[in-house]
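See below for the structure under consideration.
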Amino acid sequence: MKAAAPPVGELPGCPPGTLFEGRRALSEAGVHRPLQAGIAGTALGGAVSVVLSGGYEDDQDSGHQILYTGEGGRDPRTGAQTAHQLLTRGNLALARSHLLGQPVRVVRRVAGATYRYDGLFLVTACWHEVGRSGYRIWRFLLESEAALESEGTTAATAAPERHATTRLRRLSRHGAQVKAWHDHTCQLCGLRLLTPAGPYAEAAHIRPLGQPHGGPDTPENLLCLCPNCHVQFDLGGVGVAPDLTLLGRPGALRQARAHHVDPAQLAYHRTHIYSEEPGPMA
DNA sequence: GGGCCCGCAGGG
DNA sequence: CCCTGCGGGCCC
């Protein structure tokens with residue numbers, strides 16, 4: 001008999017705002033089981049809850065948006081980063097939540113040993129960067145589900161489009177042009193996906209638009225991709241080397257005469273989105 | 001199923 | 001500030 005998967009989402013009798021005295025109480029209520037770790041969950045099932053206790057200087061918390069730093073690689077005595085953070089344990093769990101579009105319970109330490117359950121958040125971005133220490137750290141953007149919903153129902157919102165997954169994808173003004181240059185052929189795998197209404201392709205930003213990445217909406221920052229390659233590219237399973245050969249699979253980036261791809265954006269994707277780590281089910 | 005390793009505690 | 005801690009995921 002396998003242990004029951006930890007419950008995801010809202011817990012009955014525990015609405016946002018519920019207070020807990022100490023980690024023990026949090027644990028016994030099932031809101032956040034571990035007594036010390038900040039991330040709860042499994043490598044396959046994803047993260048189910050996180051605790052923000054202000055331990056990371058780099059974390060930013062603006063209420064509905066939280067920039068969360070992954071775990072590991074720190075000296076337990078000094079807290080200094082002394083090794084790369086790996087996509088394992090809690091970091092992998094959060095990356096799985098991103099992939100699965102699975103909500104994460106967020107708990108904040110509000111004073112002393114008092115913790116407050118603050119509702120469900122989605123992992124809307126997942127990337128890595130090299131910090132001042134010279135070591136790689138993983139970062140996760142958590143956004144309040146409630147805030148995302150009200151954003152979606154606000155008629156005034158412009159370009160952002162959220163699909164079934166939590167990947168934030170925005171429409172490009174130059175998408176049609178880039179697709180035309182490539183005749184709707186995927187630049188990664190060469191597929192030209194046919195439908196009765198015509199060939200289908202997607203315009204994929206190399207360096208994602210908007211925070212935290214801040215990529216430009218220009219043709220030089222776009223690729224013409226099939227839906228499968230688009231997903232894998234956005235989630236870091238495939239990258240493009242400086243010589244335009246592919247990373248993570250055989251092949252090379254297909255080019256069109258009129259379409260200049262900015263090497264700097266490909267470099268950004270390599271150093272922040274693409275990851276060589278094979279993942280739990282490779 | 002058992003040990004091992006780990007962490008945004010908590011108190012002294 | 002330092003050290004003991006405890007449950008849980010995960011690998012053997």
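Chain letters run A, B, ... following the sequence lines, proteins first and then strands; every chain starts at 1.
Counting to the nearest Å, the P atom of dC11(C) and the CZ atom of Arg89(A) are 9 Å from each other. We find that CG of Leu94(A) is positioned 14 Å from P of dG9(C), with the value rounded to whole Å. The separation between Leu86(A) atom CG and dG9(C) atom P is 20 Å, rounded to whole Å. Put simply, CG on Leu92(A) is 15 Å from C1' on dC6(B), counting in whole angstrom units.
Taking a pair as Watson-Crick or G-U wobble with both distances under 3.5 Å, the runs of three or more consecutive pairs in DNA chain B are B:1-7 with C:6-12, B:9-12 with C:1-4.
Salt bridge annotation for Glu129(A)-Arg139(A): present, with a cationic side-chain nitrogen under 4.0 angstrom from a carboxylate oxygen. A salt bridge links Arg108(A) to Asp61(A): one of the charged nitrogens lies within less than 4.0 Å of a carboxylate oxygen.
Not less than 6.0 angstrom separates the ring centroid of His184(A) from the ring centroid of Tyr200(A). Proximity of the aromatic rings of His182(A) and His259(A) is defined here by a centroid distance below 6.0 angstrom, and this criterion is met.
Distance from the side chain of Ala37(A) is smallest for dG7(B) among the nucleotides dG7(B), dG7(C), dG8(C). Nearest to the side-chain atoms of Tyr115(A) among the listed nucleotides dG7(C), dG7(B), dG10(B) stands dG10(B). Distance from the side chain of Leu35(A) is smallest to dG7(C) among dG8(C), dG7(B), dG7(C).
Heavy-atom distances under 4.0 Å link DNA chain C to Gly41(A), Thr42(A), Ala43(A) of residues 40-47 of chain A, given in residue order. If you check residues 15-32 of chain A against DNA chain B, the residues with a heavy atom closer than 4.0 Å are Gly22(A), Arg23(A), listed by number.
Mapping Gly112(A) and Gly72(A) onto DNA chain B by nearest heavy atom places Gly72(A) closer to the 5' end of the strand.
Remark: the Thr185(A) side chain and the Asp183(A) side chain contain no N/O donor-acceptor pair separated by less than 3.5 Å.
Of the possible donor and acceptor atoms, none in the side chain of His32(A) sits under 3.5 Å from a partner among the backbone N and O of Ser27(A). Listed for the Glu145(A) side chain is no donor-acceptor partner under 3.5 Å among the backbone atoms of Phe121(A).
Partner of His128(A) under the ring-ring contact (aromatic ring centres under 6.0 Å, His included) criterion, out of Phe140(A), Trp138(A), Tyr268(A), Tyr135(A): Trp138(A) alone.
Ring geometry for Phe233(A) against His269(A) counts as parallel: the plane angle stays under 30°, on a 0 to 90° scale with 60° as the upper cut.
Hydrophobic clustering, with ILVMFWY side chains joined whenever heavy atoms are under 4.5 angstrom apart, groups Ile206(A) together with Val238(A). Leu222(A) and Leu225(A) fall into different hydrophobic clusters, where Ile, Leu, Val, Met, Phe, Trp and Tyr are joined by side-chain heavy atoms under 4.5 Å apart, directly or via other members.
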